[in-house]
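A note on names: the letters A, B, ... follow the listed sequences, proteins ahead of strands, and every chain is numbered from 1.
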Amino acid sequence: MTLFIDRDYAAATYDFTIPARKPWSGQLRKGQVLRIVDLEGQQAVDTLLYNLSNTTERYSAQDTLTAQGAAYIEAGTALMSNEGNVMATVIADTCGRHDTSAGACSCESNTVRFGHHTRYMHACRENFLLEVSKYGMTKRDIVGNINFFMNVPIMPDGEVTIDDGISAPLGYVDLRADMDLLVVISNCPQVNNPCNGFNPTPVRVLVWDSAV
Amino acid sequence: MTALDQATPEENRARYEALKAGAHEKSPRLAQAAQEPSNPARIKPKKVLHRELIPGGWYWSTIVPRGETLRIVNGGTGSVSALFWNADDTSERYNAGDTVKIQWHAHLSKGRVLFSDMGRVLMSITDDTCGRHDFIAGGSTPFSNRRRYGDDSLRNSRDNFRLAAGKYGMGVKDVAPCMTFFAGVTTGANGHFQWTGGHDRAGDYVDLRAEMNVLAVLSNCPHPLDPAPQYAPKSVEAILWRSPEPDEDDLCRTATEEAVRGFENTDPLFGGRA
Ligand SMILES: [Zn+2]
């Protein structure tokens with residue numbers, strides 16, 4: 001399901017463009033809205049959420065999936081924590097399908113997926129590790145993430161493919177924070193699979209103080 | 001920047017398509033192997049190292065040294081959620097996303113392997129008489145029990161994992177997404193999960209051969225999508241046994257290029273191929 005909402009970009013209280021391949025993190029207060037804009041289309045945006053005041057409470061892909069009984073994230077999905085609380089809600093979405101099962105790319109998994117010659121390349125878990133380390137966290141804190149705009153169909157026979165992205169240039173997803181959040185993003189640098197059209201591009205993040 | 005970072009999108013796409021085609025070419029061997037049991041249904045008593053009957057709702061943990069096999073035997077109403085860590089460094093652990101993405105498959109059975117977050121193989125599925133297991137949706141939690149049974153005081157896998165992890169000096173952050181055996185879950189074309197059973201055949205078993213020294217935690221709780229109206233898990237049995245050494249053409253080690261590379265990352269921890 002897609003859901004469009006017009007917002008005045010000039011009225012945003014925060015506006016930043018995350019360069020291709022780079023990490024980002026920021027705080028989001030309860031009630032604020034974070035928009036992630038896929039500026040050029042087909043860019044996977046790997047995202048982790050933590051409760052700002054207690055980061056042992058964090059986004060849980062499996063809690064989110066079992067709560068809604070379905071395998072993808074779309075408009076209306078409540079993003080659940082490992083404590084069973086709603087962390088954020090997807091209140092607008094021009095894409096209609098986001099993955100939360102395939103996790104983030106890493107140097108180590110790349111060697112297995114694509115060959116040992118791909119070890120020394122940028123990867124999302126390198127981005128995540130650098131970013132969460134600023135908050136005193138380590139690899140143990142990097143759990144299953146959301147891949148916004150990433151198209152990973154899971155077929156009825158179980159086949160899993162990272163497929164060509166279906167998000168158009170300037171497409172967006174809006175998250176309304178339902179608790180105070182630390183948001184960590186890796187703007188995926190992967191060029192070995194089609195999660196971003198083999199061509200990492202920048203994304204823009206904006207924050208508004210209210211959802212309407 | 002490596003040379004690969006400078007390849008054109010077309011060059012990268014060609015590499016990806018070749019890998020995908022290669023992965024699909026391997027599936028007939030896996031499908032055929034699934035028809036034939038590899039390990040004895042009854043394990044000779046002298047090969048059994050430990051037997052444990054895990055009551056419904058409870059958990060059990062063990063170290064499975066490299067080369068030994070953990071058999072999980074279905075009790076007839078149960079499903080068994082599981083998490084695995086590298087026992088020598090528990091910061092390395094089962095990675096659900098990598099496991100399905102690397103093997104291009106969410107319905108993993110005999111011949112497949114379980115990957116850690118470090119590109120290494122924790123365990124191989126050397127036998128599987130059930131074939132219906134969940135590697136996507138996860139195990140039960142207090143919240144899923146409240147949704148399903150209106151009672152969040154029933155024992156659940158999330159808390160079981162936290163209890164087991166805590167006893168090894170780990171904590172909440174070490175409890176990552178899990179897998180659940182004997183819990184068939186498929187994803188329909190619209191994305192909705194469908195329960196396909198697998199939990200109701202007493203005697204079905206899965207053999208997991210440790211490919212590093214593994215800390216294993218099993219939780220015997222109903223899967224959150226199990227439609228049975230009652231919360232009534234029966235006991236399941238876990239058997240630790242001395243299994244055969246892998247041959248040169250061992251299915252799990254050779255069935256896919258991805259597994260071969262996973263073992264190339266794993267075996268050096270133990271001085272190369274055993
Ligand atoms: Zn990535």
- line: Pair count under 4.5 Å, heavy atoms only, with chain B: among Thr100(A), Thr111(A), Thr56(A), highest is Thr111(A)
- request: Quick one: sort the Phe181(B) and His133(B) rings into parallel, tilted or perpendicular, breaks at 30° and 60°.
  value: perpendicular
query: Which region of Arg13(B), side chain (C-beta onward) or backbone (N, CA, C, O), has a non-hydrogen atom less than 4.5 Å from a non-hydrogen atom of chain A, or is it both or neither?
result: both
- prompt: Which bit of Thr141(B) comes within less than 4.5 Å of chain A, counting heavy atoms only: side chain, backbone, both or neither?
  reply: side chain
- prompt: Would you call the rings of Trp195(B) and His223(B) parallel, tilted or perpendicular if under 30° counts as parallel and over 60° as perpendicular?
  reply: tilted
- prompt: Side chain, backbone, both or neither: which part of Asn82(A) has a heavy atom under 4.5 Å from chain B?
  reply: both
Heavy-atom proximity to chain B below 4.5 Å, by part of Ala104(A): backbone
task: Using non-hydrogen atoms and a 4.5 Å limit, figure out which bit of Pro224(B) sits close to chain A: side chain, backbone, both or neither.
output: side chain
message: Counting only non-hydrogen atoms closer than 4.5 Å, does Ala137(B) touch chain A with its backbone (N, CA, C, O), its side chain (CB onward), both, or neither?
response: both
- prompt: Does Arg113(A) reach the side chain of Asn192(A), with side-chain heavy atoms less than 4.5 Å apart?
  reply: no
task: Go through the atoms of Phe143(B) and report whether side chain, backbone, both or neither lie under 4.5 Å from a heavy atom of chain A.
output: side chain
- request: Please determine, by modelled atom types, if Ser61(B) and Tyr168(B) share a side-chain donor-acceptor pair under 3.5 angstrom.
  value: yes
field: Under 4.5 Å from any heavy atom of chain B - which part of Met155(A)
entry: backbone
message: Working to the nearest 0.5 angstrom, can you tell me the gap between Asn85(A) CG and Met179(A) CE?
response: 4.5 Å
query: Out of Val90(A), Asn147(A), Val173(A), which one pairs with His98(A) under the side-chain contact (heavy atoms from CB on, under 4.5 Å) rule?
result: Val173(A)
field: Which atoms of Asn95(B) approach chain A - backbone, side chain, both or neither, heavy atom under 4.5 Å
entry: side chain
